[in-house]
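Read through the structure below, which is laid out as structure tokens, and then see the notes.
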Amino acid sequence: MSFPLPSRTPSGPRRRTLLAAAAGAFALAGCSAPEPSSDTTGGSPSAADRARARAARDSMTLSGRYTAVIAAHPDLAERLGPLRAEVDRHVTAFGGGSAGASASPSVSPLVSPPSPSSSASPSASPSGSPSASASESASSSSSSAASASAGASPGVAARPKDALADLAAAELALADERTQALVEVPGELARLLASVAAAGAAHAFLLTKAAK
């Protein structure tokens, strides 16, 4: 006598499940900064060091993209903050420096310092109309602030959904690149690349879902 097998199918992935799985895989691979390779036999150690350095730079660039999107669309900060923080941890795991410190110089300040000409205008015409000089100064500062704001986040889409879609594409492309590089690196680095690639794929899924 045969018994029918249960036909229950697993439910689809959810946001917290994906984040927890990605973080768990990354923790299993180890998240401490690696030691430089000391074995000089063959070319494998130097190749591994180069692969680590490149992975750290790629993660720093990705963190910078998150920073630029958050600067252009502050309403996305709560959603993107945890993802950027995990990317920053990837930088540390690959032996890189602080991603936040390297990304901050690319974002221009929203208010630029006054130009020498505007600061010298009151002394040039002390008997002139105060209202005219004040109006000219306000117009100059507002135009400079507008130009600085426009250049604060170059390359970021104007629509939040498009910006999220661009981040998802960047995460997925980097995850695919790291997956292909697994066969060219030693075991420990391969495990780290695999876990970070899995985290990137999870990020891409969440970002794509948020962009819809």
Side-chain angles (χ1 to χ4, degrees), residues 10-35 47-73 75-104 106 155-157 160-212:
S11 58
R14 300 184 183 277
R15 184 172 185 271
R16 291 185 178 179
T17 303
L18 282 172
L19 282 176
F26 178 61
L28 287 175
C31 58
S32 58
E35 294 292 336
D49 289 341
R50 289 195 299 269
R52 284 186 185 274
R54 179 180 179 182
R57 289 194 302 268
D58 289 342
S59 290
M60 291 178 72
T61 301
L62 183 60
S63 178
R65 296 193 64 167
Y66 273 96
T67 300
V69 171
I70 292 174
H73 304 288
D75 292 342
L76 298 177
E78 183 177 358
R79 181 185 298 272
L80 299 181
L83 302 182
R84 182 180 61 176
E86 189 168 8
V87 173
D88 290 344
R89 289 193 292 271
H90 297 166
V91 176
T92 303
F94 287 122
S98 173
S102 64
S104 57
S106 62
V156 177
K161 288 187 176 183
D162 293 339
L164 290 173
D166 291 343
L167 276 178
E171 284 274 18
L172 191 57
L174 187 54
D176 290 342
E177 180 181 332
R178 285 167 171 170
T179 300
Q180 294 175 6
L182 293 178
V183 296
E184 302 175 359
V185 296
E188 180 184 356
L189 180 56
R191 287 191 295 271
L192 179 58
L193 281 174
S195 64
V196 173
H203 291 181
F205 174 84
L206 296 174
L207 291 166
T208 301
K209 187 176 180 180
K212 292 181 179 179

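Excluded from the calculations below are hydrogen atoms, water molecules and symmetry mates; all remaining heavy atoms, backbone and side chain alike, are included.
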*Write down the atom of Leu182, the atom of Ala194, and the distance for their closest heavy-atom approach.*
CD2-N, 3.6 Å
*For Ala175, check side chain to side chain contact (heavy atoms under 4.5 Å, CB included) against everything at least two apart and list the hits.*
Ala197
*asked:* For a quick test of reading the model, state the closest non-hydrogen atom pair linking Ile70 to Ala77 and the distance between them.
replied: CG2-CB, 3.8 Å
*Within a strict 4.5 Å, meaning less than it, do heavy atoms of the Val185 and Arg52 side chains meet?*
no
_One pair to check against side-chain contact (heavy atoms from CB on, under 4.5 Å): Leu80 and Leu167. What are the steps and the verdict?_
CA-CA 10 Å; Leu80 299 181; Leu167 276 178; 3.9 Å; yes
*Please check if the side chain of Ser59 supplies one atom and the backbone of Ala56 the other of a donor-acceptor pair under 3.5 Å.*
no
*Does the side chain of Asp58 come within less than 4.5 Å of Leu62's, by heavy atoms?*
no
*Between NE2 on residue His90 and OG on residue Ser195, distance to nearest 0.5 Å*: 7.0 Å
*For the student: nearest non-hydrogen atoms of Ala168 and Thr208, plus distance*: CB-OG1, 3.4 Å
_Side-chain donor-acceptor pair present, Glu171, Tyr66, cut-off under 3.5 Å_ = yes
*asked:* According to side chain to side chain contact (heavy atoms under 4.5 Å, CB included), who are the partners of Ala211, at least two apart in sequence or on a separate chain?
replied: Leu164, Ala165
_Side chains of Leu207 and Leu83, heavy atoms from C-beta outward: is any pair under 4.5 Å?_
yes
*Could you walk me through whether Arg79 and Leu206 pass side-chain contact (heavy atoms from CB on, under 4.5 Å), step by step?*
CA-CA 10 Å; Arg79 181 185 298 272; Leu206 296 174; over 6 Å; no
*Taking salt bridge (charged side-chain N to carboxylate O under 4.0 Å, His left out) as the test, write out the residues that go with Glu177, two or more places apart.*
Arg54
_Non-hydrogen side-chain atoms of Leu189 and Phe94 separated by less than 4.5 Å_ = yes
_Heavy-atom closest pair, residues Ala163 and Val69_ = CB-CG1, 4.0 Å
